[in-house]
Number of protein chains: 2
Amino acid sequence: MTSHRSQRPATIPDVAREAGVSRSTASRALADYGSVSPDARERVHAAAAKLGYRPNQLARSMITGRTHTLGVVVADIQNPFFAGATRGIADAARAAGYQVLLANTDEDLTQERSAVKMLRDKHVDGIIIAPASSSSTAHLVALREARCPLVLLDREVPSLDTDTVTVDNRGAAEDAVRRLLEAGHRRIGMVTLGGSGEERAAQEGRHGGADRREETDRHRAAGRADGGEGPQRGHGPDRRRAEPPAQVSTGVERAEGFRAALHAAGLKDPDTYVRVGVHGQDPAALTTELLRLPQPPTALFTTDSLIALGALSAVQEAGLRVPDDVSLITFDDADWTSVIRPRVSVVAQPVQELGARAVRALVARIEGRSQARSEHIVLDTTFVSRDSVAPPPSR
Amino acid sequence: MTSHRSQRPATIPDVAREAGVSRSTASRALADYGSVSPDARERVHAAAAKLGYRPNQLARSMITGRTHTLGVVVADIQNPFFAGATRGIADAARAAGYQVLLANTDEDLTQERSAVKMLRDKHVDGIIIAPASSSSTAHLVALREARCPLVLLDREVPSLDTDTVTVDNRGAAEDAVRRLLEAGHRRIGMVTLGGSGEERAAQEGRHGGADRREETDRHRAAGRADGGEGPQRGHGPDRRRAEPPAQVSTGVERAEGFRAALHAAGLKDPDTYVRVGVHGQDPAALTTELLRLPQPPTALFTTDSLIALGALSAVQEAGLRVPDDVSLITFDDADWTSVIRPRVSVVAQPVQELGARAVRALVARIEGRSQARSEHIVLDTTFVSRDSVAPPPSR
């Protein structure tokens, strides 16, 4: 083992002695707090440099109340969307003189509550969060009540009056689905995941779970028969019915955009081809279900790049081709979408910019530079047309 | 704005009053520290529950010296390898009763030093780190000297005596390249990125940078002519010469395995087709360079899945096909590798298990359950044979 030096780290009393000032003066000078003469301040800083004094952040933060640290709570760091947004957050925070503490909730409310508590315990100056639920938000309301600056990223919570940074999910989804309609498609499927298992379980309890559980078991068996070599995102409970989409605002809004486009095209029953799973569920299985319908969809709209991978996997398993048999548009311009053949047409979100704007909004709030009213920043998405959309097959 | 409740949070004096004990007794009982009678402990906990007392972690950690928080420093959260390892860390930490604070360094030493300092300031009980350099490690040595439990993940630092969790990078690379040799390939390229720009700049200063800068500019212009629609990982400085590989142990070991396989097959000049870039550099440009050689490689070995995407992009840009014209094997079983056609053969690392083992080693160290000597855990990789390897084209 490395030998342990006996050298003791310099303390505030050491610095005070070296500078010839009182401990309280040294303490105030080092913490940049309260009244200290310029001369004393200079001597204290010189003494601190000479002794290699390293401020005790814990003690200092108890004096100044600031840690220059931002807490960030993301829903799924394995999703390239959040990995990219996190990169944007880190870069912008560094530029603003703040450090970032990151926590991942895996779309789980219990983990989210625990992460928020931990970040408060670590005395972050404010929190950026992509909440796992837009309804179970008591812990976020408590943050606001404790006057902890809070910015919601990617997702809105209607009942919570705080700054938000999002994209126009409804408009972007409607635009993407309109493109599929314009290519001639009438049977358009949507596959989405979202909402925490915990919350869904509670809903199931309310709505009577027995029937659903039976269906779920049947569906699981079907899923196993597929072999399932496609990407897996864990093992959440299965759900198969079209139903109110997951309790995350992005999912809700994208589904609204999907329905609005179909409605405008005069199509009835827009939910026929909608499959909503919970986080962790295999999107390939949901897609396979759609492809096995007597009248399967000729086009698919997926709400993130991981779901798109699952959908592609299911299309291949079914012996079908994109775009000849099935067209595909997905949210999120993941790096593989332009390398795979055919290249996938996507709704590109400004991921790093979303993170950066969230940081700027949060820092403005921390430093008291914001207006009193909450700010709602909505960034533009870009449709990137590639090779995954074609007219439906003539049958 | 949400109205702010005037209700003051309960403090230790409140709890002491309610329980009818002294403040110091209440404090010791709540912190589970020092001697308190069972009766007093019970009354204090009942009073705390009644008043909704929420312990001040800051104060408590000053008494117990434990925060039940692990610091994790990863090199690039946008790389699926680290996203997966982070997931493994989070799950194992939760199972062990610890929370995780995550910091991302983007392979930058300055950010790494700052992240380590921040995590110490936040009084984590120990740190798991994938260091950006295996040589610039004074900040890690300082951690060890301060007796902060430390586990290295994915990467080793020869000069640092501490626990490590890695895979057999050398053996796995040698095995992968042997498979390319067995398929008949003799011109095998390797594309890798690693090492921080900062460190490379320092090396350049030592070895004379002028010639290199000229080459770099020439190369940049060539890169632009390609159009470069492939995935980009930022804008690091360009490097083109085969040279001692990046100062990260994984890169060094994988290059050693690559050379050992070629050497065993009796091939000379194994570095002819080696391209080493810095983090942030476009791997597609490095690959394009190889493909434009008069005698281009007929097979490529890439050291992570992001580099593989860049290489695939360059192969497509060059009008070539995998595996007919160029075979490919990459480290890391990213989710797209089994969905893209042809499916890519990979060296799969047990990413989540790497994270989990790092947590177990760290927690054992924190809780004093480890042996005195440092432990070096080396996990197995798995070669997953798919469709991206074929014999070289006959020319």
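Proteins come first, then strands; the chains are lettered A, B, ... in the order of their sequence lines, and each starts at number 1.
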Exercise. With no hydrogens and no angle check, is any side-chain donor or acceptor of B:Gln99 less than 3.5 Å from a backbone partner on A:Met118?
Worked result: no
Exercise. Does any heavy atom of chain A fall under 4.5 Å from the side chain of B:Ala115, the backbone, both, or neither of them?
Worked result: backbone
Seminar exercise, completed: Rounded to the nearest 0.5 angstrom, the OG-CG distance for B:Ser338 and A:Leu309 is 8.0 Å
Exercise. Side chain, backbone, both or neither: which part of A:Thr162 has a heavy atom under 4.5 Å from chain B?
Worked result: neither
For this session: Please look at B:Asp106 and chain A and tell me whether the side chain, the backbone, both or neither of the residue comes under 4.5 angstrom of a heavy atom of that chain.
Result: side chain
Exercise. Within a strict 4.5 Å, meaning less than it, do heavy atoms of the A:Ile77 and B:Ile77 side chains meet?
Worked result: yes
Exercise. Got a sec: does the CZ of B:Arg341 have more than 12 other heavy atoms crowding it under 6.0 Å?
Worked result: yes
Exercise. Tell me, do B:Leu306 and A:Asp335 make a side-chain contact under 4.5 Å, heavy atoms counted?
Worked result: yes
For this session: Any chance you could measure A:Asp121, atom CG, to B:His68, atom NE2, to the nearest 0.5 Å?
Result: 12.5 Å
Exercise. Is A:Lys122 close to B:Thr69 at the side-chain level, that is, under 4.5 Å between some pair of heavy atoms?
Worked result: yes
Problem set entry | Distance (rounded to the nearest 0.5 Å) between A:Gln316 CD and B:Ile340 CD1 | 9.5 Å
Exercise. Rounded to the nearest 0.5 Å, how far apart are CZ of A:Arg87 and CD of B:Gln78?
Worked result: 5.5 Å
Exercise. Atom CG of B:Leu101 and atom CG of A:Leu102: how far apart are they, to the nearest 0.5 Å?
Worked result: 9.0 Å
Exercise. Given that the side chain runs from C-beta out, which part of B:Ser305 has a heavy atom under 4.5 Å from chain A: side chain, backbone, both or neither?
Worked result: neither
